[in-house]
Amino acid sequence: MSVLSSRTGRDRQRYDNNFRLVSGCIPYRLMKADETEEDSGVDFVNKLEVLMVSSPNRHDLVFPKGGWEDDETVLEAASREAIEEAGVKGILRELPLGVWEFRSKSSTVEDECLGGCKGYMFALKVTEELEDWPERKNRERRWVKLKIQMCSYSYK
């Protein structure tokens, strides 16, 4: 049984101009070079993996995110969601990767009337994967390798 528990409900939820505020992260890690491969130390192309989690009652993968509550900063909310949904801890980059407005797939009629959600996403360099975490029974985590292609252009 998990020592930590997930926050539930929307009693402490933050809103801004009728948008429910959401915070989350994109957990990532760099894979170490194979023993046969020469490690350049700087080149991370094709060594980057991101962690995604299954979404309860659906068949898609998502990044950990959830409501930003009134007793925490946006960064604390992102870290909390990483622990609750994905069972990871790490170093959170303080500048957001982006801010976007969306309608949640799990939104209630109340949320729709208020105008949807506004989300803040941060990069999280994973330093620890927990064996047990609050939503472990409802979610699976999956590391996904990113395929990055470098392009070169020549100008005449």
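Every value quoted in this text rests on a predicted model; they were computed, and no experiment measured them. Below, each value reflects all heavy atoms present in this structure, side chains not excepted, and no hydrogens, waters or symmetry copies.
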W100 side chain reached by C117 side chain, heavy atoms, under 4.5 Å: no
Side-chain hydrophobic cluster, 4.5 Å single linkage: members besides V53: V62
Cluster check L21, L97: I/L/V/M/F/W/Y, side chain < 4.5 angstrom: no
hydrophobic_cluster_shared for Y28 and F63, side chain cutoff 4.5 Å: yes
Over 12 foreign heavy atoms within 6.0 Å of CD, E131: no
R139 to S54 - nearest heavy-atom pair and separation: NH1-O, 2.9 Å
Smallest separation among heavy atoms of Q13 and G67, with atom names: OE1-CA, 3.3 Å
Minimal non-hydrogen separation, A86 against L51, with atom names: CB-CD2, 3.9 Å
Nearest heavy atoms of A82 and C25, plus distance in Å: CB-SG, 3.7 Å
L61 reachable from I26 in the ILVMFWY side-chain graph, under 4.5 Å edges: yes
Nearest-0.5 Å distance, CG of residue D60 to CE of residue M52: 8.0 Å
Side chain proximity check, E129 to W143, heavy atoms < 4.5 angstrom: yes
From CD (E85) to OG (S55), nearest 0.5 Å: 8.5 Å
Any side-chain heavy-atom pair of D16 and W68 under 4.5 Å: no
4.5 Å side-chain heavy-atom contact, S79 and F122: no
Any side-chain heavy-atom pair of L48 and L30 under 4.5 Å: yes
Closest heavy-atom pair and its distance - R93, L75: O-CD2, 4.1 Å
Cluster overlap V88 with L92, hydrophobic side-chain contacts below 4.5 Å: yes
Separation between CZ of R80 and OG1 of T73, rounded to the nearest 0.5 Å: 10.5 Å
Salt bridge (charged side-chain N to carboxylate O under 4.0 Å, His left out) partner of E49, the single match among R29, R142, R141, K125: R29
Gap separating the CG atom of L124 from the CE atom of M121, nearest 0.5 angstrom: 10.0 Å
From R14 atom CZ to R20 atom CZ, the distance as rounded to the nearest 0.5 Å: 13.0 Å
Heavy-atom closest pair, residues V99 and Y120: CG2-CD2, 3.4 Å
Salt-bridge contact D70-R12 (side-chain N to carboxylate O under 4.0 Å): yes
Donor-acceptor under 3.5 Å (E84 side chain, E135 main chain): no
